[in-house]
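One structure below.
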Amino acid sequence: MSLDELAVETCSWAFGNSGTRFKVFAQPGVPRDPYEKLADAAQVHAYTGAAPSVALHIPWDRVDDYAHLARYAGELGLRIGAINSNTFQDDGYRLGSVCHPDPAIRRQAVDHLLECVDIMDATGSPELKLWFADGTNYPGQDDIRARQDRLAEALAEVYARLGEGQRLLLEYKLFEPSFYTTDVPDWGTAYAHCLKLGPKAQVVVDTGHHAPGVNIEFIVAFLLREGRLGGFDFNSRFYADDDLMVGAADPFQLFRILAEVLREPSGGIAFMLDQCHNIEPKIPGQIRSVLNVQEAAAKVLRIDRAALSAAQREGDVLAANAVLMDAFNTDVRPALAEFRAAKGLDPDPMAAYARSGYFAKICAERVGGAQAGWGA
Ligand code: LRH
Ligand code: MN
């Protein structure tokens, strides 16, 4: 992959208000509907040239006419990316959704997933991204294996509904909101379900969904080798699912992950952001995140692969490590500024956006109405 081909998918919910269980801090100028979220996402693409699609989350982005929304995205120079389901906010989902003991609740959840595929048909989106909050909080609360049976049954029904060119991306997460079992807790569980489903089912690696110390690039290498890496939910964390800006907490980890992905043509791997800008301004937060992925990718593209393979073959541990560290320690910012200028973009997207006056404009315009958020 060349830097020109690098495309990072922003996420609609990053432009809305978000927070923690302690507080959601509302910010001025926050969008009130999916159209305003798309307008903000278009700003990220306008200044980075590398964010041509935006993921939606249903029902947070529910509209009457999804085809009209997709056309509006097109007018903004964007396309609708992954459609994210939400089976974690209805009162009925207290004990789970597709894994719930009650078949009526499972039916409700599967019907929502099928509605998301209808939305993919209307928006032309190729990806259905499934994350399930399903799990238990206490030993004995439910039958762990029976829940897997229910999950497999639901996934099979949704998989069968997928149309031409559509795929299902299954996301795993170690814990939260469940604190004893999570029904899709790790890459192995997601991978096993995808294998059972078929070739249109792949795994999403959310960089915030692992136990501390897990080597994520190993998981990435393994899934790539199996052809089952569907994409990433990029963010970063110091502790748990902090959903901070990708590359902010651990730029070396992002570099190591991309070093595995960019070894080969990585077409078909979705680079999505899944973040919450709880205290920082949202559009600059997304711009900074896209730039962080670009910088990490630019460093990775400087890895001398021939020298690396030679050192690895010869078992020259230090030489092999040095090849990677040389690339990581390369300051790619001047080259990226030139790369942007050559594409007719401002070399400093953050400064260009700040000078644009867009923020002041939306703060003045977006008065009244309800600001978008997680609605949790
Ligand atoms: C769950 C998750 C999932 C989304 C949500 C916004 O933690 O990572 O990808 O549905 O965040
Ligand atoms: Mn995620």
Side-chain angles (χ1 to χ4, degrees), residues 12-13 34 55-67 69 80 82-123 125-138 140-164 166-173 175-186 189-204 206 230 374-376:
S12 67
W13 53 99
L56 300 184
H57 217 298
I58 310 298
W60 300 339
D61 297 314
R62 176 161 284 146
V63 293
D64 299 336
D65 184 342
Y66 287 101
L69 184 71
I80 302 294
I83 301 298
N84 286 259
S85 62
N86 181 332
T87 58
F88 52 87
Q89 287 189 316
D90 285 26
D91 292 340
Y93 295 148
R94 180 171 60 85
L95 301 177
S97 65
V98 294
C99 302
H100 196 290
D102 179 345
I105 299 292
R106 300 202 294 272
R107 185 70 257 159
Q108 176 193 339
V110 172
D111 287 347
H112 168 70
L113 305 181
L114 296 174
E115 179 206 356
C116 288
V117 184
D118 298 341
I119 294 168
M120 291 162 68
D121 293 342
T123 58
S125 169
E127 286 112 10
L128 173 66
K129 184 151 87 62
L130 301 180
W131 170 70
F132 299 109
D134 292 44
T136 64
N137 275 1
Y138 297 98
Q141 174 186 329
D142 198 353
D143 181 327
I144 294 172
R145 270 182 274 171
R147 293 178 72 92
Q148 290 301 308
D149 296 340
R150 300 162 195 161
L151 172 63
E153 189 185 317
L155 290 172
E157 183 175 347
V158 177
Y159 187 87
R161 166 68 182 81
L162 294 175
E164 193 56 41
Q166 297 179 334
R167 61 181 175 150
L168 177 163
L169 304 180
L170 183 57
E171 184 177 357
Y172 58 88
K173 181 174 181 179
F175 80 103
E176 190 211 33
S178 302
F179 296 105
Y180 171 55
T181 67
T182 292
D183 293 299
V184 188
D186 54 31
T189 307
Y191 173 60
H193 279 288
C194 288
L195 282 182
K196 282 257 177 61
L197 290 167
K200 293 195 280 187
Q202 295 175 306
V203 179
V204 163
D206 184 313
W374 283 39

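Both backbone and side-chain heavy atoms feed into the values below; hydrogens, waters and symmetry mates do not. From a predicted model like this one, the values you see are computed outputs, not experimental measurements. All residue numbers in this chain count up from 1 along the given sequence.
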Between the side chains of Asp206 and Lys129, is the shortest nitrogen-to-carboxylate-oxygen separation below 4.0 Å, so that they form an ion pair?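 Answer for the salt bridge query: no.
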
NZ/NE/NH1/NH2 to OD/OE distance under 4.0 Å, Arg145 and Asp149: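 Result for this pair is no, no salt bridge flagged.
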
[X] [atom1] to [Y] [atom2] distance, which is reported to the nearest 0.5 Å:
X      : Y      : atom1 : atom2 : result
Phe179 : Thr136 : CZ    : OG1   : 11.5 Å
Leu130 : Asn86  : CG    : CG    : 11.5 Å
Ile119 : Arg62  : CD1   : CZ    : 6.5 Å

Could you pull out all residues at least two apart from Tyr172 that satisfy ring pair (Phe, Tyr, Trp, His ring centres under 6.0 Å)?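 For Tyr172 the ring pair (Phe, Tyr, Trp, His ring centres under 6.0 Å) partners, ignoring immediate neighbours, are His210.
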
With His57 via ring pair (Phe, Tyr, Trp, His ring centres under 6.0 Å) - residues at least two apart: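 With neighbours one apart ignored, the set is Trp13, Trp60, Phe88.
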
Dump the intermediate steps for side chain to side chain contact (heavy atoms under 4.5 Å, CB included) on Ile58 and His112, then the final yes or no. CA-CA 9 Å; Ile58 310 298; His112 168 70; 3.9 Å; yes

Backbone N or O of [Y] within a donor-acceptor pair of the [X] side chain at under 3.5 Å?
X      : Y      : result
Gln89  : Trp374 : yes
Asn137 : Ser178 : no
Asp102 : Ala104 : yes
Arg167 : Leu128 : no
Ser97  : Tyr93  : no
Tyr159 : Lys200 : yes

Worked verdict on Ile83 versus Leu56 for side chain to side chain contact (heavy atoms under 4.5 Å, CB included): CA-CA 5 Å; Ile83 301 298; Leu56 300 184; 4.1 Å; yes

In sequence, state the C-alpha distance, the side-chain angles, and the governing distance for Asp121 and Arg161, and then conclude on salt bridge (Lys or Arg N to Asp or Glu O under 4.0 Å). CA-CA 11 Å; Asp121 293 342; Arg161 166 68 182 81; 2.5 Å; yes

Under the criterion side chain to side chain contact (heavy atoms under 4.5 Å, CB included), I'd like the reasoning laid out for Leu151 against Val184: C-alpha separation, chi angles, the key distance, then a yes or no. CA-CA 9 Å; Leu151 172 63; Val184 188; 3.6 Å; yes

Out of Arg150, Arg147, Lys173, which one pairs with Asp183 under the salt bridge (charged side-chain N to carboxylate O under 4.0 Å, His left out) rule?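 Of Arg150, Arg147, Lys173, salt bridge (charged side-chain N to carboxylate O under 4.0 Å, His left out) with Asp183 is met by Arg147 alone.
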
